[in-house]
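Note on naming: letters A, B, ... go to the chains in the order of the sequence lines (proteins, then strands), and numbering restarts at 1 for each one. Quick note: numbers below take in every heavy atom, side chains included, and nothing from hydrogens, waters or symmetry partners.
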Amino acid sequence: MASVSIHFFTASTGGLQVLSEESQIIKQRKQKALELEKQGIELFPNDIRKPERTGAIRKVYGDYDAGALEEVEDTFCIAGRIMALRRFGKAAFASIKDSSGSLQIHVSRDRIGKDAYKIFKKFDIGDIIQVEGRLFRTRTNELTIEADWVRLVTKSMRPLPEKYHGIKDKELRYRRRYEDLVMNEEVLETFRTRARIVQMLRSYFTSNGFLEVETPMMQSIVGGATARPFVTHHNALGIDLFLRIAPELYLKRLLVGGCERVFELNRNFRNEGISIQHNPEFTMLEFYEAYATYEDLMVRTEELFAQIAMDVKGSTRFTYQGMEVDLTPPWHKMTLKESLVEVGKVPEEELSHRKALQKRLADLGVEMDEREAAGKYLTKLFDLLVEPNLIQPTFITEYPTDISPLARRNAQNPVVTDRFELFITGREIANAFSELNDPRDQKKRFEEQVANRGDDEEIPPEVDYDYVRALEIGMPPAAGEGIGVDRLVMLLTDSPSIRDVILFPQLRPLTAHGSSTARDPSRTKGGKTEK
RNA sequence: GGGCCGUUAACUCAGUCGGUAGAGUAUCUGCCUUUUAAGCAGAGAGUCGCUGGUUCGAGUCCAGCACGGCCCA
């Protein structure tokens with residue numbers, strides 16, 4: 001029975017009620033709903049006439065004055081959630097919200113009838129209702145529907161958050177996104193923009209002759225990036241599988257297969273920390289173009305981002321969190337070493353001395369493992385000293401080969417690769433390179449990586465020999481790029497946190513008494529708990 | 001993993017020197033037919049995140065834990 005579970009689940013966790021708590025206010029609502037039901041009012045009917053959208057009505061009649069509206073004989077039927085209710089004795093105003101906006105209605109006893117008004121009085125803020133009537137303007141000039149009738153569409157059993165401040169607690173907003181969407185207009189706006197950006201990315205690539213594909217999210221060998229993967233198990237095959245950390249190696253198999261332009265826009269999974277710019281599952285666009293170089297991709301990226309910014313922002317110049325950003329091409333270019341010297345203020349002569357770099361890192365509080373690749377010292381310093389300062393779009397090039405296992409060596413200087421990373425507002429937003437297509441070099445690099453792996457869970461424990469085999473069949477020279485879609489959306493929606501652009505960001509689940517399932521040892525796997 | 005901050009009514013928040021819980025919204029009752037954060041009068045609503053400790057007495061002080069936020073690694 002409910003009363004039993006109530007006892008179990010009333011545990012309050014940081015202001016969060018877990019499950020079926022029965023506060024007085026909810027009891028009252030349920031009681032009210034029962035009374036309506038007893039009177040023969042359906043609480044959750046399904047025979048609702050298709051309503052008109054308030055936005056469409058406003059678009060047509062928004063400019064009509066009171067006199068002009070009197071000439072309009074049509075009635076309008078809308079449906080939506082009661083967001084505010086201002087009752088008088090025998091009449092009331094309510095704002096009705098649908099996905100296109102909201103419209104005020106006026107309900108009076110004289111017009112809808114005594115019995116109907118009695119039922120209307122039982123409606124609450126949060127209920128979804130349907131209304132039909134003619135348009136008029138109130139004394140305060142608000143476009144309003146004078147209801148001929150009102151009908152309950154869906155009864156709301158819980159009160160909405162406070163009407164003026166809405167729901168502010170970030171934890172509540174992420175956990176109960178449905179409530180956040182009901183209360184905070186700008187949330188839906190952000191996700192509409194996200195949809196538009198995704199759509200534009202897709203149409204940019206398809207219209208440029210790229211084939212959209214879907215490659216495995218469950219992989220038996222991880223690859224394509226350095227990151228700790230999630231592990232799952234396939235019962236029928238009796239094997240562990242990894243959720244992909246990148247689609248790269250499959251997309252390049254498709255280059256081998258003759259797909260000269262391919263892209264995939266989908267989710268990656270990385271079993272790492274959660275932060276203001278990291279969610280365990282995130283959306284990435286990867287594209288590969290045969291007979292192109294990383295330099296061609298710079299041009300594409302500039303063009304693509306400028307196009308999207310023009311559409312979303314109306315300009316290639318805008319502000320992000322108070323920072324002026326200018327995406328007008330061409331963007332700055334700097335080699336990794338140049339950036340360390342010019343932006344990071346590291347003396348040039350130190351850059352080729354591991355000991356000096358190590359000391360500098362130690363002074364910054366970073367202990368490096370001796371076994372780390374030399375290039376790691378540079379990128380670590382870069383992360384600390386340079387990256388946060390790259391506000392304007394900047395391509396950083398010449399990444400060391402030892403930390404770029406899939407990238408083509410530079411023809412003049414084989415210790416660096418033909419690669420760039422793109423930074424905007426102090427964040428990495430894209431990573432691209434001319435692809436390594438020499439199977440001999442690729443095999444060697446994979447094998448060295450695995451041999452030097454130690455217990456580093458970010459490095460794949462196994463060489464993907466099938467990928468090497470594919471290269472042996474022959475992959476045309478090509479360049480490929482990955483774009484962090486969530487971060488791009490953050491930039492263009494002025495969102496400070498990745499959680500603001502992901503509808504349901506990952507949070508620790510709540511259970512009875514606020515303890516966490518993650519603490520249940522039977523559910524912990526490969527845990528980070530050991531010190 | 002570390003540091004700082006937060007957790008009080010459904011929501012947004014107060015809570016003084018440690019003295020036994022407050023406001024607004026929402027809800028309920030009454031009045032009110034042009035309001036829009038409607039208004040007026042009244043009422044109900046709390047395991048002060050959890051567990052311990054100090055104390056005659058803890059929302060308040062101390063410790064641990066949980067969840068979250070921000071920063072750092």
Side-chain angles (χ1 to χ4, degrees), chain A residues 6-7 10-18 20-32 35 66 82-97 102-112 117 120-122 124-126 136-147 156-176 179-180 182-184 272-278 361-362 364-368 380 383-384 388 496-497 499-500 505-519 527-531:
Chain A
I6 289 160
H7 175 74
T10 35
S12 169
T13 55
L16 277 174
Q17 298 287 311
V18 178
S20 51
E21 87 281 12
E22 292 276 308
S23 72
Q24 175 207 11
I25 208 162
I26 292 166
K27 275 186 199 145
Q28 277 171 346
R29 279 216 168 186
K30 290 191 174 166
Q31 189 52 41
K32 232 163 132 182
E35 282 164 25
I82 303 176
M83 294 304 290
L85 195 48
R86 298 173 283 278
R87 297 184 206 264
F88 299 84
K90 299 173 187 68
F93 288 98
S95 359
I96 304 299
K97 182 185 168 192
S102 66
L103 196 60
Q104 181 170 262
I105 63 165
H106 182 247
V107 182
S108 73
R109 193 184 68 168
D110 290 350
R111 190 158 188 93
I112 69 166
Y117 198 77
F120 170 73
K121 277 169 101 172
K122 289 255 182 336
D124 291 308
I125 291 174
F136 76 106
R137 288 226 178 246
T138 62
R139 272 179 211 162
T140 50
N141 210 35
E142 170 112 13
L143 187 66
T144 305
I145 286 182
E146 178 62 57
S156 168
M157 305 289 217
R158 271 177 195 274
L160 287 180
E162 206 242 15
K163 65 183 170 190
Y164 188 60
H165 297 93
I167 177 168
K168 284 174 82 172
D169 185 306
K170 284 191 181 171
E171 181 177 0
L172 291 180
R173 293 182 59 185
Y174 299 143
R175 283 192 197 277
R176 303 179 185 159
E179 241 171 35
D180 189 25
V182 168
M183 298 308 296
N184 299 319
E272 292 173 346
I274 293 176
S275 82
I276 203 161
Q277 45 176 334
H278 297 89
L361 280 165
L364 291 164
V366 182
E367 293 303 325
M368 293 293 285
K380 199 81 218 175
D383 291 348
L384 295 171
S497 168
R499 293 183 202 97
D500 298 324
Q506 199 57 244
L507 296 176
R508 198 181 280 280
L510 296 175
T511 62
H513 307 111
S515 68
S516 146
T517 50
R519 297 188 70 222
K528 272 176 106 178
T529 42
E530 76 278 5
K531 282 211 157 179

Where the side chain of [X] is defined as all heavy atoms beyond and including C-beta, which of [options] is the nearest nucleotide?
| X | options | result |
| --- | --- | --- |
| A:L172 | B:G69, B:C32, B:U12 | B:U12 |
| A:Q24 | B:G44, B:U33, B:A73 | B:G44 |
| A:I167 | B:G68, B:C70, B:U12 | B:U12 |
| A:H165 | B:U12, B:A26, B:U35 | B:U12 |
| A:R508 | B:C67, B:G69, B:U35 | B:C67 |
| A:L507 | B:G69, B:U35, B:U34 | B:G69 |
| A:R176 | B:U34, B:C11, B:G68 | B:C11 |
| A:E162 | B:A10, B:G24, B:U35 | B:G24 |
| A:R499 | B:G69, B:U33, B:C28 | B:G69 |
| A:R175 | B:G68, B:A37, B:C28 | B:G68 |

Given the [atom1] atoms of [N] and [M], what is the spacing between them in whole Å?
| N | M | atom1 | result |
| --- | --- | --- | --- |
| B:A21 | B:C31 | P | 34 Å |
| B:U60 | B:A14 | C1' | 14 Å |
| B:G39 | B:G57 | P | 45 Å |
| B:U12 | B:G69 | P | 15 Å |
| B:G49 | B:A9 | P | 8 Å |

Item to check | Residues which pass side-chain contact (heavy atoms from CB on, under 4.5 Å) with A:Q104, listed by chain and number, not counting sequence neighbours | outcome: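 By the side-chain contact (heavy atoms from CB on, under 4.5 Å) rule, A:Q104 matches A:R86, A:F93, A:T138, A:E142, A:T144.
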Checklist entry - In chain order, what residues pass the side-chain contact (heavy atoms from CB on, under 4.5 Å) check against A:P496, with sequence neighbours excluded? => result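 side-chain contact (heavy atoms from CB on, under 4.5 Å) check on A:P496 returns A:Q321, A:D500.
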Item to check | d(CG, A:D169; P, B:U12) in whole Å | outcome: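 Roughly 6 Å, once rounded to whole Å.
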Just to be sure I understand the rule, does [X] reach a base, reach only the sugar-phosphate, or reach nothing, if contact means heavy atoms closer than 4.0 Å?
| X | result |
| --- | --- |
| A:L384 | sugar-phosphate |
| A:R87 | base |
| A:I276 | sugar-phosphate |
| A:Y117 | nothing |
| A:K380 | nothing |

Next on the checklist: Pick the closest RNA chain B nucleotide for A:D124 and for A:E179 by heavy atoms, then say which residue is nearer the 5' end.
Outcome noted: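 Per heavy-atom nearest nucleotide, the more 5' residue is A:E179.
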Next on the checklist: Heavy-atom nearest nucleotide on RNA chain B for A:K168 versus A:K122: which residue maps closer to 5'?
Outcome noted: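 The residue closer to the strand's 5' end, by nearest nucleotide, is A:K168.
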Checklist entry - Can you find a side chain N or O atom of A:K32 that sits less than 4.0 Å from OP1 or OP2 on B:C28? => result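 Indeed, a polar side-chain atom of A:K32 lies that close.
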Item to check | Syn-anti status, with the boundary at 90° from 0, for the nucleotide B:C17 | outcome: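 Syn, since the glycosidic angle lies within 90° of 0.
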Checklist entry - Does the ring of A:F93 lie flat against the base of B:U35, closer than 5.5 Å centre to centre with planes under 30°? => result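 Yes, the aromatic ring of A:F93 stacks with the base.
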Item to check | Dot-bracket notation for RNA chain B, counting Watson-Crick and G-U pairs under 3.5 Å, with | for partners on another strand | outcome: (((((((..((((.....[..)))).(((((.......))))).....(((((..]....)))))))))))).
